[in-house]
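Encoded as structure tokens, the structure appears first; notes follow it.
Worth knowing before you read on, the calculation uses all heavy atoms, side chains too, and leaves out hydrogens, waters and symmetry mates.
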Number of protein chains: 2
Amino acid sequence: MPARSQDRTDRRVAVIKALAHPSRLIIAEALQAGEQCVCDLRELVGSDLSTVSKHLTVMREAGLLEMEKRGQNVYYRLRCPCLLSFFECVDSLAPVRRTNGKK
Amino acid sequence: MPARSQDRTDRRVAVIKALAHPSRLIIAEALQAGEQCVCDLRELVGSDLSTVSKHLTVMREAGLLEMEKRGQNVYYRLRCPCLLSFFECVDSLAPVRRTNGKK
DNA sequence: AATTTACTTGGCGAAACAGCCAAGTAAAGA
DNA sequence: TCTTTACTTGGCTGTTTCGCCAAGTAAATT
């Protein structure tokens, strides 16, 4: 594979990985309605604050999120307006259709 | 989180995870042009046949792919026509924009 | 200046994932 | 029927990811 398209693949994978975890997906979905601070997101996903913070770092470094400190809070928001249509597509896939073979 | 929406989240995560690996992403991209048999995909990604087969199982169980045996080959094809627009969205994100803070 | 609040970072053990080899299977061909 | 082809599955080791606790930081408040 040429170096160029490998770069592109790696970047795509980083973004997709940043969504490929229940807590991070929930965060992404929540942020579609607008920015939230870390403590709100912590409450939403219900894990330790440090865990949430690390998830947010993953998402930010993938390019999915922006952060901004205002007052004593840090606010995160989506940089990608197009998640919704993808999720609709994902939801349209039947749970697990067995195409061939039994078992 | 209510059981219902957890199911939905889990299903979404399964689909996203099925794309969150370089080889699997390359496979998904290749299948946008039409079905391919396992041995062609093996050549494309360059790993062991057993490895490719396992990747395909992950993608199929997530609902992304259909399989069909014809002659002596097994053909896989996408069940999801919407990947392209998602990839365009993913590519629109700048590599890693540092929004705030130095370091 | 000391304390509190709202995070981020380091570190570590547990769990999940990846990829190879070897073995199993099922259909096609000799 | 025996062999070959095209996979799939089992098993194992190495790597990555996850989530907690503890410690660090920086801005706001007292």
Checklist line | A:K17 vs A:M59, side chain to side chain contact (heavy atoms under 4.5 Å, CB included): CA-CA, chis, key distance, verdict | finding: CA-CA 9 Å; A:K17 270 191 179 172; A:M59 297 173 81; over 6 Å; no
Next item on the list: Mind calculating the distance between CD (A:Q36) and P (C:dA6) to the nearest angstrom?
Entry: 15 Å
Check: Any side-chain heavy-atom pair from A:K54 and A:V58 closer than 4.5 angstrom?
Finding: no
Item checked: From D:dT9, C:dT8, D:dT5, nucleotide with atom closest to B:Q72 side chain -> D:dT5
Report, one line per pair, each donor and acceptor closer than 3.5 Å where one atom sits in a side chain of residues 25-34 of chain B; sequence neighbours left out.
{"residue": "B:E29", "atom": "OE2", "partner": "A:R12", "partner atom": "NH1", "Å": "2.3"}
{"residue": "B:Q32", "atom": "OE1", "partner": "B:L84", "partner atom": "N", "Å": "3.2"}

Notebook entry, point to check: Please give, in whole Å, the distance from D:dA26 P to A:K69 NZ?
Noted result: 9 Å
Check: How would you label the contact of A:R24 with the nucleic acid (heavy atoms, under 4.0 Å): base, sugar-phosphate, or nothing?
Finding: sugar-phosphate
Next item on the list: For residues A:D48 and A:V52, determine if any side-chain heavy atom of one lies less than 4.5 Å from a side-chain heavy atom of the other.
Entry: no
Notebook entry, point to check: Within this structure, what is the NE2-to-P distance between A:H55 and D:dC18, rounded to whole angstrom?
Noted result: 6 Å
Margin query: Whole angstroms only, please: what is the CE-C1' distance between B:M67 and D:dA6?
Written below: 11 Å
Item checked: Distance below 4.0 Å between A:H21 side-chain N/O and D:dG19 OP1 or OP2 -> yes
Item checked: Separation of D:dT8 C1' from B:L41 CG (nearest whole Å) -> 15 Å
Check: Can you check the B:E35 CD to D:dC7 P distance for me, whole Å?
Finding: 12 Å
Check: Are B:D91 and A:R8 close enough that some pair of their side-chain heavy atoms sits under 4.5 Å apart?
Finding: yes
Check: Reckon B:K17 has a side-chain N or O less than 4.0 Å from the OP1 or OP2 of C:dC17?
Finding: yes
Item checked: Sugar-phosphate, base or nothing in reach of B:Y75, heavy atoms under 4.0 Å -> nothing
Check: OP1, OP2 of C:dT8 versus side-chain N and O of A:Y76: anything below 4.0 Å?
Finding: yes
Next item on the list: Check whether NZ of the Lys or CZ of the Arg B:R60 lies under 6.0 Å from the centre of the six-membered ring of B:Y76 and within 45 degrees of that ring's axis.
Entry: no
Check: Are any of the side-chain heavy atoms of B:M67 and B:Y75 separated by less than 4.5 Å?
Finding: no
Notebook entry, point to check: Is the shortest side-chain N/O distance from A:N73 to OP1 or OP2 of C:dT5 below 4.0 Å?
Noted result: no
Notebook entry, point to check: Atom CD1 of A:I27 and atom P of D:dC18: how far apart are they, to the nearest Å?
Noted result: 12 Å
Next item on the list: Calculate the interatomic distance between A:L56 atom CG and C:dT9 atom P; express it in whole Å.
Entry: 11 Å
Next item on the list: Could you identify which residues of residues 45-52 of chain B place a heavy atom less than 4.0 Å from some atom of DNA chain C, listed by residue number, or say none?
Entry: B:S47, B:D48, B:S50, B:T51
